[in-house]
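Worth knowing before you read on, the calculation uses all heavy atoms, side chains too, and leaves out hydrogens, waters and symmetry mates. Labels below follow one simple rule: chain letters A, B, ... track the order of the sequence lines, proteins then strands, and each chain is numbered from 1.
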There are 2 protein chains.
Amino acid sequence: MTVEPPARAPRADARRNRDRLLEAAAQVVAEQGAQASLRDVARRAEVGLGTLYRHFPNREALLEALLGRRFEQLAERAREFERQAEPEQALVDWLREFSAGAAAHQGLPETLMATLHDPASPLHASCTAMREAGAGLLAAAQRAGRIRPDVTGADLFALANAVGWMSGLAPALAERREHLFALVVDGLRTPGGRAAGEPPSGAGTD
Amino acid sequence: MTVEPPARAPRADARRNRDRLLEAAAQVVAEQGAQASLRDVARRAEVGLGTLYRHFPNREALLEALLGRRFEQLAERAREFERQAEPEQALVDWLREFSAGAAAHQGLPETLMATLHDPASPLHASCTAMREAGAGLLAAAQRAGRIRPDVTGADLFALANAVGWMSGLAPALAERREHLFALVVDGLRTPGGRAAGEPPSGAGTD
DNA sequence: ACCTGAACACCGTTCAAGT
DNA sequence: ACCTGAACACCGTTCAAGT
């Protein structure tokens with residue numbers, strides 16, 4: 001084991017450039033998708049292209065930094081829902097949020113799924129934390145007898161991601177996201193359960 | 001209707017080059033996905049890069065030519081299933097095949113969904129034909145009381161495509177495609193099985 | 001008619017030169 | 001330590017020159 005040197009605080013300009021780059025990247029990715037030009041990102045951040053590469057050695061590293069934030073937010077949201085709602089509702093609310101996020105950024109779902117299956121990824125830890133938070137909601141809903149016992153956490157991510165990706169492709173599909181989501185969630189419910197009477201009422205706001 | 005000039009048969013070498021290009025494109029796209037290098041395609045076809053562009057003015061045109069074949073195959077398969085199996089089974093079998101095809105070629109599902117929503121696309125006709133063939137299977141299964149009446153053809157394509165896309169991302173997911181597919185199809189089934197007396201409430205506003 | 005490859009304007013990534 | 005932009009090897013697309 002190497003003893004790390006004190007890891008002195010980064011220079012103020014370096015820290016500032018990194019923040020500007022992340023900010024610019026979030027904007028550009030939201031506009032153009034995950035395969036946006038990195039030159040555009042550097043330009044928007046008003047920073048040399050080399051500076052971008054100094055902070056993020058490649059596109060994947062930049063996307064990872066963006067995703068890392070999101071994973072932490074989602075893990076936190078899972079804990080909130082777990083406190084505030086009954087098990088089935090908590091799970092559905094969280095999946096809806098997860099799914100909507102996947103729709104917002106074209107190309108990010110691919111990165112997410114790749115990360116989830118690659119233990120070497122620097123994001124593996126935060127991704128796993130989020131996944132476990134979601135799996136906790138699932139387990140609770142299964143204990144309550146509302147969700148099929150053979151559904152796994154991996155299924156959950158796969159389907160929520162798939163619906164999110166789908167609804168990000170065309171505006172007409174975005175409008176149907178709630179409906180698609182409801183169909184998928186119905187597939188997760190315990191067969192014959194009395195949940196069939198009341199469809200999940202999409203709150204209407206986006 | 002414009003009267004087309006005799007549309008003389010293309011020169012033999014042109015026809016041959018076009019075939020070689022399509023063949024090479026199918027291989028390269030299967031290996032590298034829809035964003036594969038067009039130079040690679042031309043190289044594999046042993047044809048000048050300019051020749052590729054003479055036959056297909058851009059990447060989209062090339063992908064369209066590949067997709068067109070597939071649409072026709074799928075429409076034909078729908079008619080076969082309709083003859084050979086009972087309504088629910090026919091629908092499920094067809095969806096499975098559709099879904100597996102989406103998984104096989106990374107990036108094609110996006111093109112497909114875009115085509116489906118763009119009447120100006122040269123593929124719109126064959127895409128619509130396939131879509132109607134699938135919608136026919138859906139309608140039959142709904143008449144038999146097996147599939148929720150509020151499910152539309154658009155839902156069907158969206159979900160089957162989403163699952164296919166998903167399972168093409170990682171080998172671990174490919175192994176689970178059947179399972180994911182089963183979960184989604186369960187969401188389409190009439191709640192409570194065939195004995196369902198009433199359609200799900202809240203289906204009126206679609 | 002059709003084919004070809006050089007040419008153009010981009011891109012991701014690297015790295016020597018600056019401060 | 002950090003920043004910068006020129007440089008390299010690609011790419012999609014166009015087009016003058018060939019047969």
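For A:Asn17, a side-chain nitrogen or oxygen approaches OP1 or OP2 of D:dC3 to under 4.0 Å. OP1 or OP2 of D:dC2 has at least one side-chain nitrogen or oxygen of A:Arg54 nearer than 4.0 Å. Proximity of A:His55 to the phosphate of D:dC3: a side-chain N or O atom is located under 4.0 Å from OP1 or OP2. Close to C:dC10, at under 4.0 Å from its OP1 or OP2, lies no side-chain N or O of A:Ser37.
Nearest-nucleotide positions on DNA chain D place A:Glu46 closer to the 5' end than the other of B:Arg11 and A:Glu46. Taking the nucleotide of DNA chain D with the nearest heavy atom to each of B:Asn58 and A:Leu49, the more 5' of the two is matched to A:Leu49. In this structure, B:Arg39 and B:Arg15 both approach DNA chain C, and ranking their closest nucleotides by distance from the 5' end singles out B:Arg15.
You'll find the side chain of B:Phe98 reaches within 4.5 Å of the side chain of B:Met130, heavy atoms only. Side-chain atoms of A:Leu156 and A:Leu91, non-hydrogen and from C-beta on, do get closer than 4.5 Å to each other.
Within 4.0 Å (heavy atoms only), B:Ala12 reaches no atom of the nucleic acid at all.
Atom CZ of A:Phe81 and atom CG of A:Leu74 lie 9.5 Å apart (nearest 0.5 Å).
Side-chain to base pairing of A:Arg59 with C:dG12: no donor and acceptor N or O lie closer than 3.5 Å to each other.
Per the geometry, CD belonging to A:Gln35 stands 14 Å off P belonging to C:dT13, to the nearest Å.
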